[in-house]
Novice: 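Got a structure here, written out as structure tokens. Questions coming.
Whatever order the structure lists ligands and atoms in, that order sets their numbers, starting from 1. Side-chain atoms are counted along with the backbone in the values below, which use heavy atoms only and exclude waters and symmetry mates. Each residue takes its place number in the sequence, starting with 1.
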Amino acid sequence: MAFPKHVRLFEMGARDGLQNESGPVIDTAIKVELINQLSDTGLTHIEAASFVSPKWVPQMGDASAVMAGITRKQGITYSALTPNVKGLEGAIAAGADEVAVFGAASEAFTQKNINCSIKESLERFAPVIEMAKEHNIRVRGYVSTVMGCPYDGEIDPAQVAAVSRDLLDMGCYEISLGDTIGVGTPLKAKRMLEAVAQQVPVEKLAAHFHDTYGQALSNLYAVVEEGVAVIDASVAGLGGCPYAQGASGNVATEDVLYMLNGLGIETGVDLQKLAQTGHWITAQLGRTSGSKVALALGCN
Ligand SMILES: CC(C)(COP(=O)([O-])OP(=O)([O-])OC[C@H]1O[C@@H](n2cnc3c(N)ncnc32)[C@H](O)[C@@H]1OP(=O)([O-])[O-])[C@@H](O)C(=O)NCCC(=O)NCCSC(=O)C[C@@](C)(O)CC(=O)[O-]
């Protein structure tokens, strides 16, 4: 298959990026400023907040205030995670443009992350998706641990395909495939994608790869070559999952963008502006950027 002409980047820094920060809860004003800066880079999709239990993920406890504080730019979708109806109610009240339910291909990870089995998670998502539909809000579905689980180990691609198909059938418009702990390699990514694409059209799939083992860009190349045209990434490579021990951040958006630019694939995103934003947020967090491209460009 040929490379797509255009790839949509879905920016994760403000949610997947910041949710895992240890230490004190980051000021709402910093989160708001991060999203406002990201809104000025050409990105069209920004995951801005997470309406989960603040006891489970304290860093996301100010989701409503973040959504209220941002300056919304026309043409940008500001989305939020909603694990249940309570979360969806919060997201609707806060004016989220789009929401996401998040499941996994592994039983153990599902238990650790959202305190239920895969079957129960799907039962819990059904009313979320129904209610979102009534409010004309699109729902994205995440499937975590698509190439390995910190608790269950190897994951059968058929299991990834089955959960993805269930979420699609329930009404999710897009399925984001999460290599939560970044253990994938290109061949594994390709095989996993092939298995899922038998159940879900590739146009409805997104790649959400973490870079724990430094394989994320290679894995992305492998699935983009198979037609995946939506990539989740996190500015400066921020983040990780609080319920996936040892997982490092998403692949850095700057690094993905540099690769896509080199392939002649359009994104509409300005690399310099993005790298500056990555520089700004990592300075706020007291560290250097996790993006090799940003460092090479002198943003450190
Ligand atoms: C799903 C629950 C809530 C179940 O948690 P639970 O404890 O089973 O829920 P519960 O229904 O029994 O409620 C317990 C308490 O939480 C409250 N509660 C219940 N729901 C909400 C809500 N929405 N917002 C705020 N509060 C809520 C509820 O009101 C109650 O409060 P209490 O009476 O004890 O004071 C919990 O497990 C949870 O919040 N988990 C979130 C975990 C999480 O956010 N993980 C990170 C995101 S996933 C990820 O990063 C992976 C991804 C997407 O990026 C892809 C990849 O990389 O693979």
Side-chain angles (χ1 to χ4, degrees), residues 10-21 47-65 67 79-94 96 99-106 108-118 120-125 127-128 131-132 139-152 155 160 163-164 167 172 174-184 192 205-212 216 219 230-234 237-251:
F10 209 130
E11 174 56 44
M12 294 286 136
R15 195 281 299 170
D16 205 352
L18 298 186
Q19 71 180 10
N20 201 36
E21 283 295 318
E47 200 154 84
S50 186
F51 289 84
V52 297
S53 162
K55 286 183 192 147
W56 284 64
V57 185
Q59 282 293 4
M60 296 286 109
D62 56 353
S64 299
M67 294 299 286
S79 69
L81 289 195
T82 54
N84 52 20
V85 168
K86 186 178 170 80
L88 178 64
E89 287 166 351
I92 291 172
V99 298
V101 293
F102 48 103
S106 126
F109 182 80
T110 309
Q111 284 291 352
K112 296 265 185 200
N113 197 37
I114 51 173
N115 206 21
C116 61
S117 68
I118 294 175
E120 287 163 344
S121 74
L122 297 172
E123 286 163 6
R124 200 184 274 174
F125 298 154
V128 177
M131 189 173 159
V139 184
R140 198 174 199 234
Y142 284 99
V143 181
S144 286
T145 63
V146 300
M147 287 196 270
C149 170
Y151 314 105
D152 283 346
I155 297 294
V160 181
V163 177
S164 301
L167 289 173
C172 291
E174 181 168 280
I175 308 299
S176 173
L177 301 168
D179 183 11
T180 315
I181 52 171
V183 288
M192 180 276 297
L205 294 174
H208 178 113
F209 295 166
H210 286 254
D211 202 28
T212 319
N219 297 343
V230 184
I231 296 178
D232 299 358
S234 193
L238 295 175
C241 177
Y243 296 99
Q245 248 177 14
S248 71
N250 266 131
V251 62

Novice: Side chain, backbone, both or neither: which part of Val57 has a heavy atom under 4.0 Å from ligand 1?
Specialist: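 Side chain only; the backbone of Val57 stays clear of ligand 1.
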Novice: Under a 4.0 angstrom heavy-atom cut-off, which atoms of ligand 1 come close to Leu81?
Specialist: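 Close to Leu81: 47 (C).
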Novice: Using a 4.0 Å cutoff against the non-hydrogen atoms of Asn115, which atoms of ligand 1 qualify?
Specialist: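 Answer for ligand 1: 6 (P), 7 (O), 8 (O).
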Novice: Look only at interatomic distance and state if Arg124 has a nitrogen or oxygen under 3.5 Å from any nitrogen or oxygen of ligand 1.
Specialist: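 Not met; the criterion fails.
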Novice: Got a sec, which residues hit side chain to side chain contact (heavy atoms under 4.5 Å, CB included) with Ala14, two or more places apart in sequence or on another chain?
Specialist: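 Testing Ala14 for side chain to side chain contact (heavy atoms under 4.5 Å, CB included), a comparison that skips the adjacent residues, returns Leu34, Ile35.
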Novice: Is it true that a side-chain atom of Ser64 and a backbone atom of Ala94 form a donor plus acceptor pair closer than 3.5 Å?
Specialist: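 No, Ser64 side chain to Ala94 backbone: no donor-acceptor pair under 3.5 Å.
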Novice: Heavy atom to atom 48 (S) of ligand 1, shortest distance: which of Asn113, Thr82, Asn20 holds it?
Specialist: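 It is Asn113 that holds the nearest heavy atom.
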Novice: Is the charged tip of Arg15 near the ring of Phe102: under 6.0 Å from the six-membered ring centre and within 45° of its axis?
Specialist: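 The answer is no; the distance or angle limit is not met.
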Novice: Where does Met60 meet ligand 1, judged by heavy-atom distances below 4.0 Å: at the side chain, the backbone, both, or neither?
Specialist: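 Looking at Met60 and ligand 1, no heavy atom falls under 4.0 Å.
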Novice: With a 4.5 Å heavy-atom cut-off, do Arg124 and Ile114 have their side chains touching?
Specialist: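 Of all side-chain heavy-atom pairs linking Ile114 with Arg124, at least one is under 4.5 Å.
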Novice: Give the atom numbers and elements of ligand 1 that come within less than 4.0 Å of a heavy atom of Gly178.
Specialist: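 In order of number, 58 (O).
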Novice: Any atoms of ligand 1 less than 4.0 Å from a non-hydrogen atom of Lys55? List them with their elements.
Specialist: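 Listed by number with element: 32 (P), 34 (O), 35 (O).
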Novice: Heavy-atom contacts with Gln19 under 4.0 Å: which atoms of ligand 1 show up? List them by number with element.
Specialist: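 The atoms of ligand 1 under 4.0 Å from a heavy atom of Gln19 are 46 (C), 47 (C), 49 (C), 50 (O).
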Novice: At a 4.0 Å threshold, what atoms of ligand 1 neighbour a non-hydrogen atom of Arg15?
Specialist: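 That gives atoms 47 (C), 49 (C), 50 (O), 52 (C), 53 (C), 54 (O) of ligand 1.
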Novice: Kindly say whether Ala104 contributes a backbone atom to a donor-acceptor pair with the side chain of Ser144 at under 3.5 angstrom?
Specialist: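 Checking the backbone N and O of Ala104 against the side chain of Ser144, no donor-acceptor pair under 3.5 Å is found.
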Novice: May I ask you to list the atoms of ligand 1 that are less than 4.0 angstrom from any heavy atom of Gly87?
Specialist: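 Close to Gly87: 23 (N).
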Novice: Do Gln59 and Leu18 have side chains that approach each other closer than 4.5 Å (heavy atoms only, starting at C-beta)?
Specialist: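 Gln59 vs Leu18: side chains apart.
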Novice: After noting the C-alpha distance and the side-chain angles of Met147 and Phe209, does the key distance pass the side chain to side chain contact (heavy atoms under 4.5 Å, CB included) rule?
Specialist: CA-CA 10 Å; Met147 287 196 270; Phe209 295 166; 3.9 Å; yes
Novice: Give the atom numbers and elements of ligand 1 that come within less than 4.0 Å of a heavy atom of Phe51.
Specialist: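 Numbered from 1, ligand 1 contributes 22 (C), 23 (N), 24 (N).
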Novice: Give yes or no for whether the N/O distance cutoff of 3.5 Å, strictly under, is met between Val52 and ligand 1.
Specialist: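 Looking only at distances, the answer is yes, because the N/O contact criterion of under 3.5 Å is met.
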Novice: Looking only at heavy atoms, is any part of Ser144 under 4.0 Å from ligand 1, and if so is it the side chain, the backbone, or both, or is it neither?
Specialist: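 For Ser144, backbone and side-chain atoms both sit under 4.0 Å from ligand 1.
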Novice: Would you please say whether a donor-acceptor pair under 3.5 Å links the side chains of Asp232 and Ser176?
Specialist: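 Yes, a side-chain donor-acceptor pair sits under 3.5 Å.
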Novice: Do any N/O atoms on Pro54 end up under 3.5 angstrom from N/O atoms on ligand 1?
Specialist: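 Looking only at distances, the answer is no, because the N/O contact criterion of under 3.5 Å is not met.
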Novice: Compare Lys86, Met12, Gln59 and give the one whose heavy atom is closest to atom 27 (C) of ligand 1.
Specialist: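 It is Lys86 whose heavy atom sits nearest to atom 27 (C) of ligand 1.
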Novice: For residues Val101 and Val139, determine if any side-chain heavy atom of one lies less than 4.5 Å from a side-chain heavy atom of the other.
Specialist: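 They are in contact (side-chain heavy atoms under 4.5 Å apart), so the answer is yes.
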Novice: Under 4.0 Å from ligand 1, counting heavy atoms only, is it the side chain of Asn84, its backbone, both or neither?
Specialist: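 The side chain, only.
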Novice: Looking only at atom types and distance, does a side-chain atom of His210 sit under 3.5 Å from a main-chain N or O of Ser248, one as donor and one as acceptor?
Specialist: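 Side chain of His210 to backbone of Ser248: a pair is present.
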Novice: Is any N or O atom of Asp179, backbone or side chain, closer than 3.5 Å to an N or O atom of ligand 1?
Specialist: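 By distance alone, the answer is no.
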